[in-house]
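This report refers to the structure that appears directly beneath it.
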Amino acid sequence: MRWSKYLIPTLKEDPAEAEAVSHKLMVRAGLVRMLAAGIYVYLPLGQRVMEKINAIIREEMNRIGGQEVTMPVIHPAELWQQTGRWYDIGDEMFRLKDRNKRDMCLGMTHEEVVAWLASKEVRSYRNLPQIWYQIQTKERDEARPKSGVLRTREFLMKDSYSLDMDEAGLDRSYELHREAYCRVFERCGLRFYVVESDPGMMGGAGAHEFMAPSPAGEDEVAICSSCGYAANIELACSQPNKPAFPSWRLEEVATPDCRTIEQVSSYLGIDPGLTIKSLMVVTQEGPLLCLVRGDQRLHEKKLFRLIGEFRPAHRDEIKKISQAEAGFIGPLGIDLPILADSCLQEGVYVAGANKDGYHIRGVIPGQHFKARYADLHLAQTGEGCPKCGNTLTVECAIEVGNIFKLGIKYSVPLKAHFLDEKGEARPIIMGSYGIGPARIAAAAIEQNHDANGIIWPKSIAPFQVHLLVVNVSDPKMREMAERLYEELCRNGIEVLFDDRDERPGVKFKDADLLGIPIRVTVGTLAIKEGLVDIRVRRTGEEVRVPEGEGVNRVKARLGGVM
RNA sequence: CGGGGCGUGGCGCAACCUGGUAGCGCGCUUGGUUCGGGACCAAGAGGUCAUGGGUUCGAAUCCCGUCGCCCCGACCA
């Protein structure tokens with residue numbers, strides 16, 4: 001491809017609206033342009049990257065027996081009404097009416113359509129298992145699109161669905177996907193973790209997410225490097241490090257104006273881990289006191305799973321129940337059910353005295369107050385792994401894929417049944433599996449770039465070789481470059497030929513920005529001594545070889561390490 | 001949806017506070033010189049200052065509304 005005839009609008013400066021590295025670079029390198037919040041145009045170069053990624057996904061899906069289909073973007077409301085999601089999902093679903101005022105929606109995912117199809121076409125256990133997949137645009141009216149292509153309202157998704165006759169079959173399909181996904185992300189050159197995830201509204205028995213670590217990611221994962229424990233922070237557990245407990249006796253201490261844990265612990269000169277943080281919440285059943293250790297944070301999702309809907313208590317409610325301001329409430333002598341984090345079962349602490357300006361030192365949970373214990377805290381870097389006790393690290397990551405065991409959540413309402421060997425009708429057991437190709441591209445950039453631009457893994461690079469002529473108006477130089485271009489193409493190598501009439505500096509800068517793995521430069525030495533330069537983008541390593549060897553050297557390079 | 005910020009030639013920004021009719025860099029066009037890491041000279045094109053209303057002799061500038069975009073939070077099937 002000749003750059004002079006191709007649309008690659010590169011930018012010298014970062015776009016004002018971009019924050020994430022991948023966002024800046026994708027715009028600067030001419031991969032994408034934003035049409036509206038969270039809605040993007042993929043320019044030719046971006047499109048090529050997406051096609052590379054999709055091709056890898058297709059290969060791996062086909063390899064596990066996946067069959068590609070294409071399902072509609074527009075769905076009739078009835079389908080979603082039958083599973084109840086029409087009502088469960090709020091503003092995030094794009095809804096519209098057709099000319100006959102019939103309710104429709106834009107597909108945010110395709111479980112309903114798959115279950116519908118299965119209900120029509122799957123009759124017998126002999127038809128199972130099945131894996132159907134598509135690479136299709138999804139529409140979700142995200143409350144807050146962000147980070148360029150990482151969180152958009154319209155996005156491409158590879159989604160697949162497994163149909164099995166029983167749990168064992170689902171386990172097999174799930175495992176096939178897990179392996180296929182690992183191969184996909186490995187082939188795309190990503191660093192990633194497979195983590196346990198919260199099945200959430202998808203419902204069902206089990207779920208994992210594929211997480212590519214990056215500061216731009218909006219998820220957090222807790223990772224144990226020794227035993228391999230890996231979980232989304234939404235359900236990650238940890239063993240908090242134990243502080244050295246002093247031998248306090250129970251007494252009231254004045255803590256004037258110390259409302260926060262930091263204030264109390266610094267005023268008393270103690271480790272925040274020796275305090276108890278008391279939080280009053282109001283549930284369906286009334287108020288409840290939640291306790292976590294002072295150096296911990298309450299995990300609201302975990303609490304929600306334990307007690308259902310809740311809200312923080314209002315100031316006046318706190319005052320009324322505890323006789324004290326929010327900063328001074330505590331578990332002693334309070335007439336409320338108490339739910340405490342498990343790590344508080346051991347030790348002696350400072351807690352609020354339910355009296356303004358005072359705390360109580362020497363509080364021993366179990367002895368001085370009764371509580372129900374549960375895991376309520378957010379896992380943090382440096383704490384112990386729940387499995388092996390070694391140090392956990394918590395890091396940000398981009399969710400590039402997920403796999404869910406759905407079970408019969410969709411097959412029952414949509415009557416996706418089959419007849420088993422005994423002739424009895426049973427609901428199909430489903431699984432649902434997604435990959436975000438654009439997120440793979442963005443994650444690859446997040447993980448592979450330097451100050452000058454992108455450094456594509458060769459598997460998903462838009463081109464393999466960036467051929468650059470230093471001066472197009474020099475006939476000999478141009479001629480040699482043309483020769484090389486033809487020869488490289490003839491050898492099946494994808495080459496972007498920068499034949500623009502630009503200054504060399506501009507072309508070199510653009511080459512670094514685009515990040516194509518190998519750059520071949522035809523310059524003054526080419527015409528003087530017949531030498532061309534072959535440079536590896538990632539390492540900056542450069543060799544000078546005779547023109548005749550150029551193609552073979554490039555091929556050798558592409559075959560080897562990047 | 002709550003909090004904050006921004007909206008000025010294609011891009012990045014200044015002018016706004018203290019009203020007087022818009023400027024810089026990059027890019028773009030033409031000509032010339034240049035050509036191995038974002039060249040130089042000369043000439044040029046391009047802006048209803050997001051939008052609607054108000055205040056004023058006069059509004060990019062002050063006031064109110066609306067829309068759009070970004071960031072933090074909530075949400076995220």
Side-chain angles (χ1 to χ4, degrees), chain A residues 9-20 23-24 27-28 30 33-39 80 83-93 105-112 114 138-148 150-153 155 157 159 161 197-204 207 209 216 218-219 232 234 300-301 304 311-312 399 402 404 406 409-410 430 432-434 436 451-453 468-474 477-478 481 498 500-513 519-528 531-533 535 540 542 544:
Chain A
T10 58
L11 260 31
K12 274 192 199 178
E13 289 171 290
D14 285 337
E17 71 272 11
E19 191 88 355
H23 187 190
K24 289 177 182 169
V27 173
R28 284 191 54 207
R33 286 294 183 265
M34 187 178 79
L35 175 63
I39 300 181
W80 290 75
T83 60
R85 287 163 111 189
W86 179 264
Y87 312 103
D88 297 341
I89 296 168
D91 293 336
E92 211 172 314
M93 179 184 266
C105 66
L106 301 185
M108 15 195 348
T109 176
H110 286 75
E111 282 80 10
E112 276 80 358
V114 165
K138 300 286 193 271
E139 312 286 342
R140 295 182 188 174
D141 195 359
E142 287 285 351
R144 186 145 99 81
K146 59 181 287 199
S147 306
L150 282 176
R151 188 175 184 77
T152 54
R153 296 194 292 171
F155 58 98
M157 178 166 154
D159 47 326
Y161 304 88
S197 75
D198 183 357
M201 295 273 294
M202 289 289 270
E209 286 164 337
E218 32 177 7
D219 285 289
N232 190 307
E234 292 187 349
E300 297 189 4
K301 283 245 162 81
F304 173 79
R311 62 167 172 84
E399 182 188 349
N402 55 44
F404 289 97
L406 293 178
K409 179 169 171 155
Y410 300 93
M430 288 176 60
S432 147
Y433 317 85
N452 298 315
L468 191 157
V469 216
V470 166
N471 182 0
V472 271
S473 42
D474 181 314
M477 227 183 259
R478 165 130 213 167
D498 189 351
R500 294 175 301 167
D501 183 11
E502 283 289 352
R503 307 259 319 167
V506 172
K507 297 176 136 187
F508 287 130
K509 288 289 181 190
D510 273 342
D512 287 346
L513 215 209
R519 189 180 82 197
V520 176
T521 307
V522 177
T524 44
L525 273 175
I527 47 176
K528 283 199 192 122
L531 299 174
V532 296
D533 291 333
R535 184 185 176 98
E542 192 161 33
R544 193 156 276 167

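Per chain, numbering begins at 1; letters A, B, ... match sequence-line order.
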- Message: I'd like to check A:Thr152 versus A:Glu142 (side-chain heavy atoms, cut-off strictly below 4.5 Å). Are they in contact?
- Response: no
- Heavy-atom side-chain proximity of A:Leu468 to A:Val522 below 4.5 angstrom: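 In short, these two side chains do not touch, never coming nearer than 4.5 Å.
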With hydrogens left out and only the distance checked, is there a donor-acceptor pair under 3.5 Å joining [X]'s side chain and the base of [N]?
X: A:Arg535; N: B:G36; answer: no
X: A:Thr524; N: B:C35; answer: no
X: A:Asn471; N: B:G36; answer: no

- Expected string for nucleotides 66-72 of chain B under the B/S/- scheme (protein heavy atoms, under 4.0 Å, primed atoms plus P, OP1, OP2 as sugar-phosphate) is ---SSBB
Rounded to whole angstrom, note down the [atom1] distance from [N] over to [M].
N: B:G46; M: B:G36; atom1: C1'; result: 34 Å
N: B:C62; M: B:G7; atom1: P; result: 11 Å
N: B:A22; M: B:C41; atom1: C1'; result: 27 Å
N: B:U66; M: B:G23; atom1: C1'; result: 29 Å
N: B:C6; M: B:C13; atom1: P; result: 12 Å
N: B:G4; M: B:G37; atom1: C1'; result: 41 Å
N: B:G52; M: B:G10; atom1: C1'; result: 27 Å
N: B:C26; M: B:A43; atom1: P; result: 15 Å

- Query: Going by atom types alone, do A:Glu209 and A:Asn232 pair a side-chain donor with an acceptor below 3.5 Å?
  - Reply: yes
- Task: Verify the distance criterion only: is there a donor paired with an acceptor across the side chains of A:Lys138 and A:His110 at less than 3.5 Å?
- Result: yes
- Spatial distance of atom CZ (A:Arg28) from atom NZ (A:Lys12) [nearest 0.5 Å]: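 Interatomic distance, A:Arg28 CZ to A:Lys12 NZ, rounded to 0.5 Å: 10.5 Å.
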Rounded to whole Å, please give me the gap between [atom1] in [X] and [atom2] in [N].
X: A:Asp474; N: B:U34; atom1: CG; atom2: P; value: 13 Å
X: A:Glu13; N: B:G38; atom1: CD; atom2: C1'; value: 11 Å
X: A:Glu542; N: B:G37; atom1: CD; atom2: C1'; value: 11 Å
X: A:Leu513; N: B:G37; atom1: CG; atom2: C1'; value: 13 Å
X: A:Phe404; N: B:C76; atom1: CZ; atom2: P; value: 12 Å
X: A:Leu150; N: B:C76; atom1: CG; atom2: P; value: 19 Å
X: A:Asp498; N: B:G38; atom1: CG; atom2: C1'; value: 13 Å
X: A:Arg151; N: B:C75; atom1: CZ; atom2: C1'; value: 8 Å

- Item | Residue closer to the 5' end of RNA chain B, A:Glu92 versus A:Val522 (nearest nucleotide) |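 With A:Val522 and A:Glu92 compared, the 5'-side residue is A:Val522.
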- Message: On RNA chain B, does the nearest nucleotide to A:Met93 precede the nearest nucleotide to A:Thr521 from the 5' side, or the other way round? Give the residue.
- Response: A:Thr521
Presence of salt bridge, [Y] and [X], under 4.0 angstrom:
X: A:Lys146; Y: A:Glu19; result: no
X: A:Asp533; Y: A:Arg535; result: no
X: A:Glu218; Y: A:Arg151; result: yes
X: A:Glu502; Y: A:Lys507; result: no

- Message: Nearest to the A:Phe508 side chain among B:G37, B:C76, B:A74, which nucleotide is it?
- Response: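 Minimum distance to the A:Phe508 side chain belongs to B:G37.
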- Note on the structure: Which of B:G27, B:C76, B:G36 is nearest the side chain of A:Lys12? It is B:G27
- Query: Do you know which two heavy atoms are closest between A:Arg153 and A:Pro145, and how far apart they sit?
  - Reply: CG-CG, 3.8 Å
When all nucleic acid strands are considered with a 4.0 Å heavy-atom cut-off, which category describes [X]: base, sugar-phosphate, or nothing?
X: A:Asp91; result: nothing
X: A:Arg33; result: nothing
X: A:Asp510; result: base

- For the pair A:Arg33 (side chain) and A:Val27 (backbone), establish whether a donor and an acceptor sit closer than 3.5 Å, ignoring hydrogens and angles.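 The answer is yes, because a donor-acceptor pair under 3.5 Å joins these two groups.
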- Query: Using Watson-Crick and G-U wobble pairs whose two distances are both under 3.5 Å, how do you write the pairing of RNA chain B as dot-bracket, with | for links to another strand?
  - Reply: (((((((..((((......[..)))).((((((.....)))))).....(((((..]....))))))))))))....
